[in-house]
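First the structure, in the form of structure tokens, and then the observations on it.
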Amino acid sequence: MSQQHKTEASHNVDSGKTLGLLGFLMMIGVGTLQMQPVLGGALVDHWGVSLQQMGMLFGAELIAMAIGCGSSALVVNRWDRRRLCQCGLLLLAGGSALSALHGEYWLLCASRAVAGFGGGVAQTVVYATSAQRSNKDRTYAATNIMLLLWGAISIGATPLLISAAGVGAVFLSFPLMVMPALAMTRLIPRQARLPVRSAEPLAAPPLTLRTTLLLVLFGLLFAGHGVLWVYQERIGVSIGLPGHVIGAILGLSTLAGAAGAASAGILGKRLGHLPAQVIGFVGSIVASLAIVHGQTPLVYAAAAALVMAVWFFGLTYLFALSAELDPTGRLTSLANAAVFIGQGLGPVMAALFVSGNHFRAVGWLSASIYAICLVIAFYVTAHAAPAAPRGAPQL
């Protein structure tokens with residue numbers, strides 16, 4: 001590659017346009033994840049899907065997303081990343097368009113799995129491209145903020161879109177977003193950018209009991225979240241809240257999550273890993289039980305905001321710990337796959353416990369998972385360095 005081409009590649013990957021594209025791809029790639037509470041309620045009310053079927057449906061999408069993330073991560077450094085991303089986007093668009101047809105339940109599950117797999121592939125390219133940018137910390141922070149803001153918007157807008165054009169319009173919105181994204185993929189470098197100076201590559205440390213339990217912790221963290229998240233709209237309905245109010249509460253709770261992540265960034269290493277996880281998991285346990293036992297709109301809204309704030313607060317520290325334990329980034333990539341496995345298993349487990357309009361068992365299941373997480377966190381965070389090593393990613 002000529003020096004001019006290297007300079008152009010560096011300029012492209014570090015440009016603001018590329019950063020905007022990475023955020024946009026993440027918005028598309030996570031599929032229905034952020035709007036699942038309101039979309040799930042609409043599937044029950046408008047398409048006749050049962051609560052158990054709803055949990056299985058979203059579980060299939062997210063587990064397929066984990067498979068897409070994991071399988072594409074194995075080839076992202078060898079294949080043309082731009083083409084890989086385009087293939088993932090086309091799968092996501094095709095699966096979403098098929099979902100809008102309102103066919104048989106098995107077809108809906110299959111189409112969401114296809115869309116989820118494609119979204120996972122697109123996310124892998126986002127992470128791989130982000131790793132090539134000069135300022136990785138700002139890149140991850142910016143894409144996370146964009147994703148959280150999109151979550152707040154999509155949760156609030158989904159009920160309006162459903163009332164105006166039906167449930168199918170939600171699924172059709174993804175092919176519409178994919179079309180401009182496909183044109184913008186020209187900003188993605190086809191291959192990993194090589195460093196100017198040759199150096200010995202860092203060898204990823206082997207998995208130990210501690211790092212393996214950290215991956216389990218990531219999976220359980222998102223399983224506990226997924227158990228409750230998909231039924232939060234139904235819980236609001238059960239206490240008499242109208243749909244637009246529930247959408248506003250859940251949208252604002254997403255902003256509370258952004259505030260939690262920002263708080264973690266401000267505190268940084270002034271707070272150790274163990275105290276951060278105690279705050280995160282104890283707060284999540286309290287909020288999970290308050291959501292299902294509180295019978296007033298005020299308690300519902302406060303608990304929804306609390307669970308998102310403390311959840312993202314603890315998650316920020318967990319990702320920082322994974323980077324400290326493995327500077328090569330392999331552990332963080334494995335954690336991302338564990339994330340979607342947990343997020344997919346959560347709704348499936350909840351579907352086995354939910355009964356009619358009684359959701360207390362779901363809240364206790366979520367709280368129990370968080371309690372297990374807290375126990376694991378005591379071991380995983382033991383002997384964690386009080387400050388990140390020089391050169392390691394900072395919170």
Side-chain angles (χ1 to χ4, degrees), residues 17-36 39 58-76 79 81-99 111-133 139-155 158 170-189 222 225-226 229 254 315 319 332-333 335-344:
K17 290 182 178 180
T18 302
L19 179 59
L21 172 61
L22 296 177
F24 187 43
L25 289 175
M26 283 300 294
M27 295 176 193
I28 303 171
V30 296
T32 64
L33 174 60
Q34 300 195 88
M35 62 183 73
Q36 281 179 354
L39 177 59
F58 289 143
E61 178 179 356
L62 293 170
I63 291 174
M65 194 174 291
I67 296 172
C69 283
S71 59
S72 57
L74 299 176
V75 299
V76 71
W79 291 10
R81 292 181 175 180
R82 191 179 302 172
R83 297 297 183 204
L84 186 63
C85 182
Q86 290 168 349
C87 290
L89 290 173
L90 289 173
L91 284 174
L92 190 153
S96 297
L98 193 59
S99 300
S111 64
R112 294 320 304 156
V114 171
F117 184 91
V121 172
Q123 288 178 64
T124 294
V125 177
V126 170
Y127 288 121
T129 305
S130 297
Q132 297 301 308
R133 289 175 60 88
T139 299
Y140 292 128
T143 53
N144 283 335
I145 289 172
M146 285 187 276
L147 190 59
L148 285 167
L149 291 176
W150 169 246
I153 294 170
S154 62
I155 289 174
T158 297
V170 176
F171 295 122
L172 289 176
S173 66
F174 287 98
L176 293 177
M177 290 190 289
V178 163
M179 286 191 289
L182 285 171
M184 296 167 65
T185 53
R186 68 183 185 279
L187 298 173
I188 296 177
F222 276 79
H225 180 68
W229 179 243
T254 304
L315 178 64
F319 271 116
T332 305
S333 298
N336 186 58
V339 158
F340 286 108
I341 293 174
Q343 188 76 53

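These values consider heavy atoms only, across backbone and side chains, with no hydrogens, waters or symmetry-generated copies.
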Query raised in the report: Between Ser173 (side chain) and Val170 (backbone), is there a donor-acceptor pair under 3.5 Å?
Result: yes
**Report entry** Within-4.5 Å side-chain heavy-atom neighbours: Cys85 and Leu25
**Finding:** yes
**Report entry** pair Met146-Met27: side-chain heavy atoms closer than 4.5 Å
**Finding:** yes
Report summary line: For Met35 and Ser154, the nearest pair of non-hydrogen atoms, with its separation, is CE-CB, 4.0 Å
**Report entry** Nearest heavy atoms of Gln123 and Gly29, plus distance in Å
**Finding:** NE2-O, 3.1 Å
Report task. Supply the atom-to-atom distance Thr129 OG1 to Leu22 CG, rounded to the nearest 0.5 angstrom. Result -> 6.0 Å
Query raised in the report: Would you call Leu62 and Gln36 a side-chain contact if the rule is heavy atoms closer than 4.5 Å?
Result: yes
**Report entry** Distance (rounded to the nearest 0.5 Å) between Gln34 CD and Leu149 CG
**Finding:** 10.0 Å
Query raised in the report: Between Glu61 and Thr32, do the side chains contain an N or O donor and an N or O acceptor separated by less than 3.5 Å?
Result: yes
Query raised in the report: Is it the case that Arg82 and Thr185 place a side-chain donor and acceptor less than 3.5 Å from each other?
Result: no
Query raised in the report: For the side chain to side chain contact (heavy atoms under 4.5 Å, CB included) test, which of Thr124, Val125, Ile67 pairs with Ser72?
Result: Thr124
Query raised in the report: Angle class for the His225/Phe222 ring planes (parallel below 30°, perpendicular above 60°, tilted otherwise)?
Result: perpendicular
Report summary line: In this structure, OG of Ser96 is separated from CG of Leu91 (nearest 0.5 Å) by 10.5 Å
Query raised in the report: Can you find a pair of side-chain heavy atoms, one from Pro180 and one from Phe24, that are under 4.5 Å apart?
Result: yes
**Report entry** Interatomic spacing from CG in Leu182 to SG in Cys87 - rounded to 0.5 Å
**Finding:** 10.0 Å
Query raised in the report: How close do Phe174 and Leu92 get, heavy atom to heavy atom, and via which atoms?
Result: CB-CD2, 3.8 Å
Query raised in the report: Considering all heavy atoms of both residues, which atom of Leu84 and which atom of Trp79 are nearest to each other, and what is their separation?
Result: CD1-CE3, 3.9 Å
Query raised in the report: Where is the tightest heavy-atom contact between Leu89 and Ala181, given as atom of each residue plus distance?
Result: CD1-CB, 4.1 Å
**Report entry** Side chain to side chain, Arg112 and Phe58, heavy atoms closer than 4.5 Å
**Finding:** no
Query raised in the report: Atom CG of Leu39 and atom OG1 of Thr158: how far apart are they, to the nearest 0.5 Å?
Result: 7.0 Å
Report task. Could you tell me the separation between the CD atom of Gln343 and the CE atom of Met65, rounded to the nearest 0.5 Å? Result -> 9.0 Å
Report task. Report the C-alpha separation of Val114 and Leu98 in whole Å, then their side-chain angles, then the decisive distance to 0.1 Å, and conclude whether the side-chain contact (heavy atoms from CB on, under 4.5 Å) test is met. Result -> CA-CA 10 Å; Val114 171; Leu98 193 59; over 6 Å; no
Report task. Would you mind reporting whether Leu147 and Val30 have side-chain heavy atoms less than 4.5 Å apart? Result -> yes
**Report entry** Flag, side chain of Trp150 to backbone of Met26, donor-acceptor distance under 3.5 Å
**Finding:** no
